[in-house]
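What follows is a set of notes on a single structure, which appears directly below.
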Amino acid sequence: MKVLRNCVFCFRTMFRYAPWNAFAATFCFLVSATFGGMQVLLLRNIVDGALAYVQRAAEFLPEGAAAEGAGGGGIGMVAVWGILLVALMSQGTSLQRIGAYQMDLMSMRLMKRMTIDSVKRLMELEYAAFEEQNVQEVFQKMSGEPENGVYNCCVSTMFVLQKTISLIVSMGVIFAISPWMGLGIALIGIPMLVLGYYAAGRNAALTEEAADARRRMGDLKNLLVNKHAVYEMKLFGAERFLTGKWNHYSSLYARMAMRENKRVMLMDLGSRVLNVVYLIFVISMAGAGFLAGSFSLGQFAGALNAVAGIGTLLNECSLHVVWLLQNAMRIDYYIEFMKMKTRTDLGHVASLSHYDIAFENVSFRYPGTQRDILKNVTFYVKEGERIAFVGENGAGKSTVVKLLCGLYEPTGGNVTLGGVPVRELEPDLRFRLLGVVFQNFQSYQLTLRENVALGNLNALFEDRRLMEALRMADGAELALSQERGLDRNLGKLEEDGQDLSRGQWQRVAMARAFVSDARYVILDEPTASLDPLAESRMYENFAQIFRERGTIMISHRLASARMADRILVLDGGRIVQEGNHEELMGAEGLYRTMFLTQSVLYREERA
């Protein structure tokens, strides 16, 4: 039932995105499916009619008598049968080609239209879902291209329907010639189909069981081709260790595949043995009938032609059933993807009376874990205020940012902006209010212009503004040093593209913050990849550009916190200290301890 449900889902999806192409392809394939049986009947009539005409001519009967052959049609009817046979053969080929062309058009329309909806759906998923293992497994099993899965499921379903109709029509012709021959063929053919179905089930089981191993292999493969990972592996001598892991998971997958392949091969061998039995039976029955006089020559020729076609159809049906089940199983993962919990932060509040931020008794734990990262955290940020969060790694600093951006929903308490829960703000409003540069920033394989303008797409073609943002991020040289300037390609996707160092990519990410018009700029470890001199210049730029905007900075380098109006110290998921730099340094506590420790280390590094 699941396979049937998925096939129906795919056809509904296909008719929704490409209705006319789907209708034309279905019509062409299903109508042409009836032509095989009709061709057998025409061949029988042609052979019997021609034989009757020749026999009567040989007996020197009058021409009018010869015209009685083949059901009374004579040589004229033989010609008509021949013309119809040629027409059916040519039309069958034409319909197949037209159907294939319509399927190609469907594929293109699916890729264009369905991909947009899939990406939209992906963007609507809860951010937390991406951290869950079962979600990663669904993505792995979908192979990342659901439109191809829907298309393949439709094609395989259409082929199975076509071959089934052809098989039914051909079997009808055989039963009309000899019911006993038809019954024998059915008794042999059904087990052949069952064996093919079983083989398909084993292939589907392999897809399910090996998903984790294939996902692990994919992750290791990405590591082995990632230049940053390769550098680290070489420095630590970890190539052999990771290669061993690759060998482990690839061997695990190979064992699974070998086990299932042996079973499938046995099923295939059984199917081929039955196919030999089938051919021997058909030839024996047809030959015996012809010699006994119960078959005419036309029936004998038609029967042999039909059974040859039926043998091919049985093999093709088995193969297409295998393909259909595999594709239907992949679609099952897409349907599961479509049922995943979507974000609840797609609010409709489009304006605010003020822009103060409030965290009130906020607690949070990541999905699937038991430890609270934040515990009853409360703080308030006035519009335009500059706030810094400091603390040791794992204290919950970055989690505060994710909650403020609405990426997660608090386990307890409320996060509000302008008195409204952030997940109730209209997305466009939230984008205008919050500009974020995360610690794990993304390196986009786009032009430099596009990379910077992602912070404010309204400035995409404002060269002066983009260059100013790069200058403030100490990255103007990235454009000035290249002939194409802002239009240079970054990354390796384009032939003339150039990759950047980690520090250069961070400057590009910072430029996105500088070009943003957001009321609050949120900086999560903004200078982690910069050297001390570049870091010092960046702080000066921060002070200039964020003078009229609110700033929320997350940093483990306490020197950067000095520019903030207020510093909040996180420890163990709680705010343990609050104040400006001078106030916190004048009190005993975690901030003073951390600052003095870092100062000593920093002086030692400079020395």
Side-chain angles (χ1 to χ4, degrees), residues 115 119 122 144-145 218-239 242-243 435-518 521-542 544-545 555 557 560:
T115 302
V119 172
L122 198 63
E145 297 178 342
D219 180 63
L220 288 169
K221 182 179 179 181
N222 290 334
L223 285 176
L224 293 172
V225 298
N226 182 288
K227 72 173 187 178
H228 300 294
V230 169
Y231 292 158
E232 192 167 276
M233 282 188 286
K234 288 185 177 296
L235 287 173
F236 292 122
E239 304 103 312
L242 291 176
T243 302
V436 188
V437 178
F438 286 109
Q439 177 181 1
N440 298 319
F441 53 85
Q442 182 61 42
S443 305
Y444 297 97
Q445 306 284 302
L446 303 170
T447 64
L448 178 59
R449 174 191 302 279
E450 292 165 335
N451 262 279
V452 176
L454 285 173
N456 183 357
L457 290 174
N458 292 325
L460 181 60
F461 299 107
E462 298 181 23
D463 290 18
R464 180 175 298 179
R465 189 170 178 182
L466 296 178
M467 286 300 302
E468 178 63 16
L470 282 169
R471 186 190 66 78
M472 297 297 290
D474 201 25
E477 189 64 22
L478 294 174
L480 298 176
S481 63
Q482 298 290 319
E483 183 178 351
R484 297 186 61 184
L486 289 169
D487 294 311
R488 65 176 293 193
N489 287 304
L490 301 184
K492 294 295 186 180
L493 286 183
E494 298 293 338
E495 186 176 349
D496 62 344
Q498 291 183 333
D499 205 356
L500 303 180
S501 68
R502 180 74 176 171
Q504 289 173 319
W505 277 117
Q506 184 159 40
R507 289 182 175 88
V508 173
M510 288 304 308
R512 289 198 282 271
F514 288 131
V515 82
S516 170
D517 289 327
V521 177
I522 303 174
L523 305 169
D524 185 2
E525 300 288 3
T527 60
S529 299
L530 302 181
D531 59 71
L533 291 178
E535 180 183 25
S536 177
R537 291 194 299 269
M538 191 73 74
Y539 289 148
E540 293 174 4
N541 293 336
F542 288 160
Q544 293 177 33
I545 200 164
S555 182
R557 297 186 184 182
S560 63

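Scope of the values below: all heavy atoms of this structure, side chains included, with no hydrogens, waters or symmetry mates. Remember, predicted model here, so these are calculated numbers, not experimental data.
In this structure a side-chain-to-backbone donor-acceptor pair under 3.5 Å is missing from Asn489 to Asp496.
With values rounded to the nearest 0.5 angstrom, Arg507 atom CZ is found 7.0 Å from Ser501 atom OG. Expressed to the nearest 0.5 Å, how far CG of Asp499 lies from CD of Gln504 amounts to 9.0 Å.
Checked against side-chain hydrogen bond (donor to acceptor under 3.5 Å, both in side chains), Arg465 has the following partners two or more places apart in sequence or in another chain: Asp517. With sequence neighbours excluded, no residue forms a side-chain hydrogen bond (donor to acceptor under 3.5 Å, both in side chains) with Glu477. A search for salt bridge (Lys or Arg N to Asp or Glu O under 4.0 Å) contacts involving Glu468 returns Arg471, not counting sequence neighbours. In this structure Ala479 satisfies the side chain to side chain contact (heavy atoms under 4.5 Å, CB included) test together with Leu448, Met467, Leu470, Leu486, sequence neighbours excluded. The side chain to side chain contact (heavy atoms under 4.5 Å, CB included) test applied to Ala469 returns Val452, Ala511, Phe514, Val515, not counting sequence neighbours. Residues satisfying the salt bridge (Lys or Arg N to Asp or Glu O under 4.0 Å) test with Glu494, not counting sequence neighbours, are none. Partners of Asn458 under the side-chain hydrogen bond (donor to acceptor under 3.5 Å, both in side chains) rule, at least two apart in sequence or in another chain, do not exist in this structure. For Gln482, the side chain to side chain contact (heavy atoms under 4.5 Å, CB included) partners at least two apart in sequence or on another chain are Arg488, Gln498.
Annotation for Ala518 and Gly435: closest pair CB-N, 3.3 Å, computed over non-hydrogen atoms. What you find for Gly491 and Gln445 is that their closest heavy atoms are CA-OE1, 3.1 Å. Nearest heavy atom pair, residue Val521 against residue Leu523, reads CG1-CD2, 3.7 Å.
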Legend entry - Worked verdict on Asp487 versus Arg449 for salt bridge (charged side-chain N to carboxylate O under 4.0 Å, His left out): CA-CA 6 Å; Asp487 294 311; Arg449 174 191 302 279; 2.9 Å; yes
Inset, instruction - Determine, step by step, whether Trp505 and Leu490 satisfy the side chain to side chain contact (heavy atoms under 4.5 Å, CB included) criterion, reporting the C-alpha distance in whole Å, the side-chain angles of both residues, the deciding distance to 0.1 Å, and the verdict. - result: CA-CA 10 Å; Trp505 277 117; Leu490 301 184; 3.6 Å; yes
